[in-house]
K.L.:
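This structure is in structure tokens; I'll ask about it shortly.
Quick caveat: nothing in here was measured; it's all calculated off a predicted structure. Per chain, numbering begins at 1; letters A, B, ... match sequence-line order.
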Number of protein chains: 2
Amino acid sequence: MSDLKKLTFVTGNSNKLKEVVAILSNGVVPPSDGLYKVGNYEISNISVDLEEVQGTIDEVTICKAKKAAEILGGPVLVEDTSLAFTAFNDLPGPYIKWFVNGVGLQGLNNLLYCYEDKSAHAICTFGYCAGPGEPVLLFQGKTKGNIVPPRGHTGFGWDAVFEPIGYKETYAEMDKEVKNKISHRFKALDKLRDYLLSN
Amino acid sequence: MSDLKKLTFVTGNSNKLKEVVAILSNGVVPPSDGLYKVGNYEISNISVDLEEVQGTIDEVTICKAKKAAEILGGPVLVEDTSLAFTAFNDLPGPYIKWFVNGVGLQGLNNLLYCYEDKSAHAICTFGYCAGPGEPVLLFQGKTKGNIVPPRGHTGFGWDAVFEPIGYKETYAEMDKEVKNKISHRFKALDKLRDYLLSN
């Protein structure tokens, strides 16, 4: 049996780690020792205050992964989320968290008032970097939907205003299991899992 | 006579340097040797590709100045511009350049369609850093105005949609001399000049 490789997911939120590993391990309940295993990787999490740069979502994620690998001196995983409004040429994009805080959920609808096209892409990007100076691999998932007035639980970012194409519920109204099967995050993690299981 | 101290203004745009030094030197025509002098400082410019971080305008400027000082190994000056919409809790703020490109000038008006309050602050922040590891001094100027449908020459950022309070012209319609007396940039440079002349 090969040695397990250590991989650090940089997030201050240990619930996020649980969610990520649950998807990565196809729903298998993680062990109670706090060490999550996927393929030959043993994944833990750590909270590091990482600057985020301005730029495209790829640039933001690459830069974050490189900095994390430099600080931690080993393999890291980082995540970035973007909400790209078609009418705005993909903005707010990586700045969406600032807009959720600044204008609120109804505000996101207000911004689009003048535009017939309410469509948006939810984009999740995981960045993997094997160590300082190493290139960053990106695993990206996209889900298309429309921006709608908030419905459902409003506690999780912009979930309440994003209604995926083909569904009558917002992310916030959906069963977690249904959401996990179609979400931008799931699609990105699906690609990441393929990589982790074959490397 | 004391030795001149070298100060590098980090901008790829040599016209920007001219404009900055013209304001700093109270309109005195700069010499033809390409070396601009203000007080005991000799100012030149250089183009360096600097990442900009996400954050408040102070954070963005401080980070940019620190990086520039590290790269150039000496005293540097950097500049950042923000357009803060009151209705949006000061967004787009430091991300305004992305929005000018992404939604256009009429688009900036569209974003505000649902809001009665069209007011905004134009904010210019110069950051001075004496060298690697040194603290960053900020010199900030603010001008309050309203966001209006574009009028005047549209070539310079968002000048055509910003109408300063007390004026019936947008920045883009104003005489350059009038604009230079009330602009956010002038106010920031006024503070910077005071510093350069007394240090």
K.L.:
In terms of hydrophobic clustering (I, L, V, M, F, W, Y; side-chain heavy atoms under 4.5 Å; direct or indirect links), are Leu72(B) and Tyr128(B) co-clustered?
P.N.:
no
K.L.:
Does one hydrophobic cluster hold both Phe9(A) and Leu7(A), with members joined at side-chain heavy-atom distances below 4.5 Å?
P.N.:
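Phe9(A) clusters together with Leu7(A).
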K.L.:
If you count heavy atoms of other groups shown closer than 6.0 angstrom to OH of Tyr195(B), is the number above 12?
P.N.:
yes
K.L.:
When only pairs under 4.5 Å are counted, which of Leu112(A), Asn110(A), Asn109(A) shares the most heavy-atom pairs with chain B?
P.N.:
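Looking at each option in turn, the highest pair count goes to Asn110(A).
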K.L.:
Are Ile96(A) and Ile57(A) linked, directly or through intermediate hydrophobic residues, by side-chain heavy-atom contacts shorter than 4.5 Å (ILVMFWY only)?
P.N.:
no
K.L.:
Check the surroundings of atom NZ in Lys66(B): do more than 12 heavy atoms from other residues, nucleotides or ligands lie under 6.0 Å from it?
P.N.:
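Counting other residues, nucleotides and ligands, NZ of Lys66(B) stays at 12 neighbours or fewer.
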K.L.:
For Asn101(B) and Asn89(A), work out which heavy atoms get closest and say how close.
P.N.:
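In terms of heavy atoms, the two residues are closest at O-ND2, 4.4 Å.
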K.L.:
Can you measure from CD (Gln54(B)) to CD (Gln54(A)) and round to the nearest 0.5 angstrom?
P.N.:
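Reported to 0.5 Å precision, the distance equals 6.5 Å.
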K.L.:
To the nearest 0.5 Å, what is the distance between CH2 (Trp98(A)) and CG (Leu91(B))?
P.N.:
8.5 Å
K.L.:
Quick check on Glu51(A) against chain B: is it the side chain, the backbone, both or neither that has a heavy atom closer than 4.5 Å?
P.N.:
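Side chain of Glu51(A) only, per the 4.5 Å heavy-atom cut-off to chain B.
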K.L.:
Would you call Phe88(B) and Leu111(A) a side-chain contact if the rule is heavy atoms closer than 4.5 Å?
P.N.:
yes
K.L.:
Establish, yes or no, whether a centroid distance under 6.0 Å links the rings of Phe99(B) and Phe99(A).
P.N.:
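Ring centres of Phe99(A) and Phe99(B) closer than 6.0 Å.
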K.L.:
Closest approach of Tyr115(A) and Gly107(B), non-hydrogen atoms and distance?
P.N.:
OH-CA, 3.5 Å
K.L.:
Can you confirm whether Lys5(A) is buried at NZ, in the sense that more than 12 heavy atoms of other residues, nucleotides or ligands lie under 6.0 Å from that atom?
P.N.:
yes
K.L.:
Ile23(A) and Ile182(A): same hydrophobic cluster, using ILVMFWY side-chain contacts below 4.5 Å?
P.N.:
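Unlinked, Ile23(A) and Ile182(A) end up in two clusters.
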K.L.:
Can you tell which part of Lys64(A) gets under 4.5 Å to a heavy atom of chain B, answering side chain, backbone, both or neither?
P.N.:
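Nothing of Lys64(A), per the 4.5 Å heavy-atom cut-off to chain B.
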